[in-house]
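The chains referred to below are lettered A, B, ... by the order of the sequence lines, with proteins before strands, and numbering in each begins at 1.
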Amino acid sequence: MNASPTSELSKAYNPSENEAGIYKMWEDSGAFKPNGDKSLPPFSIIMPPPNANGSLHAGHLMYTLEDVAIRFARMQGRPTLWLPGTDHAGIETQYVYEKELAKKGLTRFDLGPDKFYSEVMDFTLKHQQGALDGFKSMGFSADWSRLKFTLDEDIIQIVYDTFISLHRDGHIYRGNRIVNWCPRCQAAFPDLETDHINRDDAIYTLDYGSIKIATTRPETLFADTAIAVNPKDKRYLKLIGQTATIPLVDRPIAIIADTYVVPTAGTGALKVTPGHDKNDYEIGQRHNLAEITIVDSEGKLINVPEQFAGLTVMEARHAVVKALETAGKLTKAEPLSHSIAVHDRCGTTIEPLISEQWFLRVAELNKPVVKALTDNTITIYPSRYKRVALNWLSQEHDWCISRPGWWGIRIPVYYKTSSDPDKTAYLITKDEAEAIAYYGSDNYRAETDTFDTWFSSSQWPYATLMTTGKNDFKDFYPTSMMGTAAEILHKWVTRMIMFSLYSTKQIPFKDVYLWGTVTDEKGQKLSKSKGNYDEPMDITAEYGTDALRMALTIGITSGNNGALYIEKVQGYRNFCNKLWNVARFVLAKVPQDVDPSRAKLLSPADHWMASQLNTAIVNITSGIENYKFSEAGQAVYSLLWEDLADKYIEYSKQSLNAELLAYFLDTTLRLIHPFAPYISEAIWQKAMWTKSNLITEHWAKVIHSPSTAKSKQFEIEIIKIISSQQQSAHSVELDKLIKELLAKQNLIELAQAKLNNVAFIANAPSEVVASEQARVQQAEQAIGDITDEIKKLESQ
RNA sequence: GGGUGAUUAGCUCAGUUGGCUAGAGCGCUUCGUUUACACCGAAGAUGUCGGGGGUUCGAGUCCCUCAUCACCCACCA
């Protein structure tokens with residue numbers, strides 16, 4: 001397949017002709033498997049598992065950076081593993097599938113848990129394939145033979161083991177706590193999974209007999225168990241210890257003092273509703289107040305006077321306000337715009353209520369995480385996110401890990417249903433037989449709640465490597481890099497570290513690379529609903545995957561949002577076409593039996609190009625190694641276009657060094673490959689001197705001993721070479737030289753001024769002095785050369 | 001209320017511990033039908049690096065302050 005006549009290369013590169021075939025060739029060749037040199041340090045990445053319920057979204061495109069790192073490591077010869085997987089995404093997938101059901105007029109309750117689970121499984125596996133195909137078309141060189149899913153049986157076993165040992169060690173408890181309850185999802189969520197939106201409501205001032213209070217939630221007055229005032233508030237001092245009376249029900253409650261109350265807010269008196277407000281719950285804990293529940297899990301009122309029972313919260317609010325008005329207990333009602341918590345997935349208003357849930361005590365478990373970050377055992381890029389993570393870790397509340405969803409990993413707990421006092425209330429075990437043996441076959445029930453998705457996905461790095469059926473955990477743990485979105489730093493990254501340090505006593509990864517959000521040119525987040533997100537397949541079909549990859553790699557830096565827009569992709573499509581045409585030129589000029597390994601540096605141009613190439617190799621290598629993908633990509637771009645195409649190829653039209661020209665193309669292709677894998681491989685396959693696949697070729701190596709003096713000579717020559725093809729070659733050249741001369745003279749003046757300055761400092765850094773002196777010398781040398789050139793020109 | 005980032009050319013953005021004449025891509029101007037490429041080439045214009053102070057021989061880079069925008073956390077009686 002090599003050595004095809006160059007005439008077969010079309011004038012413009014056509015990505016869609018090449019990509020699918022090349023990907024298949026890579027995959028069939030086993031290149032994605034970790035076959036590197038065992039004497040070199042391994043390199044591994046666990047792919048952040050995309051939600052298996054849908055196709056690619058803009059965030060997934062950033063996985064390109066992981067592929068760049070993986071391809072680079074592979075070319076360095078290291079054993080390299082990129083392990084892919086997908087996430088069942090509990091509540092979210094359940095929500096997506098419930099919407100599907102709703103189209104048919106069904107709810108999950110029509111199906112029941114078992115049928116629902118199996119239908120969601122089918123749905124998920126079908127959609128998962130779509131996401132995976134998208135990844136493949138992006139050129140991602142992950143080892144698909146190791147694909148894992150968070151609901152794989154062996155993963156579930158690991159999650160169970162973790163839960164059991166956490167419980168054994170006292171980190172897990174079950175308890176009644178106030179939680180963020182979503183009445184639609186019928187589940188509790190941590191603060192992280194709530195959003196706050198502004199809503200126009202009203203604030204009502206109510207008459208509680210001895211005191212007036214202001215509230216936005218009059219319907220919760222049935223659950224009031226106290227009125228709180230600030231102990232320093234002189235207005236209410238003498239009321240502390242007295243009682244107030246709840247209107248409508250005429251129930252007396254105590255007036256207590258708590259510093260939480262802000263005297264200037266509302267009336268300065270706060271109705272305390274521990275059963276339905278998080279802060280009131282805290283106050284209640286401090287004062288031993290009862291917790292009354294009046295909103296049930298569906299968001300309807302219970303335990304209230306008959307006329308309000310069964311109403312939704314909003315219905316009840318109107319009804320209560322009306323009743324208060326009638327009773328003359330409504331002092332004031334004014335509009336108020338305030339923010340309320342909603343569930344981030346479905347937008348339903350959160351009802352804080354008391355619910356029995358499973359919690360993970362995080363304070364103790366987070367300590368080693370803090371240490372690992374503080375002493376840089378784990379490095380976060382960009383470094384500022386280290387502070388953000390530490391700040392979060394120091395204030396994280398206990399984590400509610402149970403969800404009453406049907407789609408997920410069932411919590412392995414059995415409760416007693418008999419009244420046998422000798423039996424404990426619940427038994428944690430992976431094996432139902434144990435529950436039967438302990439409680440007796442009719443005296444227990446299985447927990448139906450599932451784990452929070454993040455509970456399982458946060459165990460992903462080790463759970464995956466332990467269950468591939470290979471020696472992967474030993475070979476690749478801790479992994480090298482975790483690249484993911486900055487927005488899930490808290491939800492996922494810190495928790496992966498926590499679980500890993502607990503379960504394996506090792507960190508899960510050495511480096512964390514965080515990327516921001518992919519936006520459009522106006523800084524708007526890309527999304528299908530906003531209509532600014534073109535399917536990646538559409539972009540790649542027209543402009544090529546390589547162009548899209550480069551647009552995502554260059555000009556976007558760690559932790560910052562990056563803009564993706566069609567003009568940018570076009571620019572890199574043009575780059576790919578430039579590369580294609582450079583290759584066309586080279587392959588047409590060099591003989592069939594050309595042997596780049598015999599290349600020799602002859603002309604000044606050869607020396608110049610070699611030194612440019614060497615610089616690029618150093619910059620690109622260190623760029624990728626230091627996670628400066630954008631800088632590395634830019635170095636690739638200018639090497640190919642400015643140096644190789646604009647200068648060396650132009651020179652080669654006059655004077656051909658075939659072996660070296662082939663060598664330069666060969667090395668450049670290696671450097672481009674992590675960024676633009678398809679086109680570099682396509683050209684590699686056409687080159688007559690190659691017999692391998694570029695994907696598994698070795699990384700570019702520097703060329704020894706290009707001469708600096710000869711390189712400088714070429715820098716002057718090239719002006720003539722390029723300009724000589726222009727009409728007014730003579731004058732353009734002269735102009736250019738004179739400008740150059742002025743610039744150099746200017747440089748000398750500046751450098752000397754700087755030297756004078758530097759000389760004043762007692763301990764001026766010697767390298768600064770030396771470099772300024774060198775600059776002066778270089779400029780003087782250049783001035784000499786340029787002056788000669790000008791004289792020559794003028795004498796013509 | 002606590003925190004983080006951004007502000008550099010018309011647009012999108014790079015600029016690592018302060019030290020080559022502040023850069024790139026796109027766009028713009030002029031010229032060019034040179035067989036690698038018009039998905040091109042050559043030449044060129046455009047910046048008080050958000051404002052104001054400070055440290056320094058030297059600040060886009062460090063410190064203080066103000067302004068605008070974005071985001072995160074907590075919260076809103």
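- Across all strands shown, A:A563 has heavy atoms under 4.0 Å from sugar-phosphate atoms exclusively, and none from any base.
- In this structure, CZ of A:R387 is placed 8 Å from C1' of B:U4, rounded to the nearest angstrom.
- As a whole-Å value, the separation of A:I350 CD1 from B:A74 P is 13 Å.
- Between B:U29 and B:U21, the two P atoms lie 32 Å apart (nearest whole Å).
- A:I554 comes within contact range of no nucleotide atom at all, as no heavy-atom separation falls under 4.0 Å.
- In A:Q570, the CD atom is crowded: over 12 heavy atoms of neighbouring residues, nucleotides or ligands sit closer than 6.0 Å.
- When the C1' atom is compared between B:C75 and B:A59, the two are found 40 Å apart, to the nearest whole Å.
- Within the nucleic acid shown, A:V586 has no heavy atom closer than 4.0 Å to any nucleic acid atom.
- The distance from atom NZ of A:K568 to atom P of B:G25 is 13 Å, rounded to the nearest whole Å.
- Contact annotation for A:G571: no contact, since no heavy-atom pair falls under 4.0 Å across all strands.
- Among the heavy atoms of the strands, none lies under 4.0 Å from A:Y13.
- Atom-to-atom, CD of A:E631 to C1' of B:A24 comes out at 12 Å; the value is rounded to the nearest Å.
- Residue A:A214 is in sugar-phosphate contact alone, with no base atom involved, counting any heavy-atom pair closer than 4.0 Å across all strands shown.
- Distance, A:Y260 OH to B:G1 P: 16 Å, rounded to whole Å.
- Across all strands, A:R573 comes closer than 4.0 Å to base atoms (heavy-atom distances).
- Using a 4.0 Å heavy-atom distance criterion, A:N561 is classed as making no nucleic acid contact.
- Summarising the geometry, the separation between CD on A:Q634 and P on B:C26 is reported as 12 Å, rounded to the nearest angstrom.
- Among the heavy atoms of the strands lying under 4.0 Å from A:N279 are primed sugar atoms or P, OP1, OP2 only; no base atom is included.
- Residue contacts for A:S630: at a heavy-atom cut-off of 4.0 Å it reaches no nucleic acid atom on any strand shown.
- Distance check on atom C1': B:G1 versus B:G58 gives 41 Å, rounded to whole Å.
- Of the candidates B:U16, B:A42, B:C75, B:A42 carries the atom nearest the A:D646 side chain, counting heavy atoms from C-beta on.
- A:R217 has a carboxylate O that lies under 4.0 Å from a charged side-chain N of A:E351, or vice versa, which qualifies the two as a salt bridge.
- Seen from the ring of A:W399, A:R495 counts as a face-on cation partner, given the 6.0 Å and 45° thresholds.
- Nucleic acid contact for A:Q570: none, since no nucleic acid atom lies under 4.0 Å from a heavy atom of the residue.
- If you check distances only, the side chain of A:K578 does reach the base of B:C37 with a donor-acceptor pair under 3.5 Å.
- Taking a cutoff of 4.0 Å between a charged side-chain nitrogen and a carboxylate oxygen, A:D191 and A:K278 qualify as a salt bridge.
- Remark on RNA chain B: of its neighbouring residues A:K11 and A:H490, the 5'-side contact belongs to A:K11, judged by nearest-heavy-atom nucleotide.
- One can place CD of A:E642 at 11 Å from C1' of B:G25, the figure rounded to the nearest angstrom.
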Evaluate the criterion side chain to side chain contact (heavy atoms under 4.5 Å, CB included) for residue pair A:Y678 and A:N18; output intermediate values, then yes/no.
CA-CA 7 Å; A:Y678 285 116; A:N18 292 284; 5.9 Å; no
Verdict with reasoning, A:I256 to A:I283, per side chain to side chain contact (heavy atoms under 4.5 Å, CB included):
CA-CA 10 Å; A:I256 59 172; A:I283 296 172; 4.1 Å; yes
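- The residue A:A645 sits close to a base: some heavy atom pair falls under 4.0 Å.
- At the heavy-atom level, A:V388 lies nowhere under 4.0 Å from the strands shown.
- Nucleic acid contact for A:T517: none, since no nucleic acid atom lies under 4.0 Å from a heavy atom of the residue.
- With RNA chain B read from its 5' end, the first of the two nearest nucleotides for A:R384 and A:V582 is the one closest to A:R384.
- Taking atom OH on A:Y565 and atom C1' on B:G27, their separation rounds to 11 Å, with Å as the unit.
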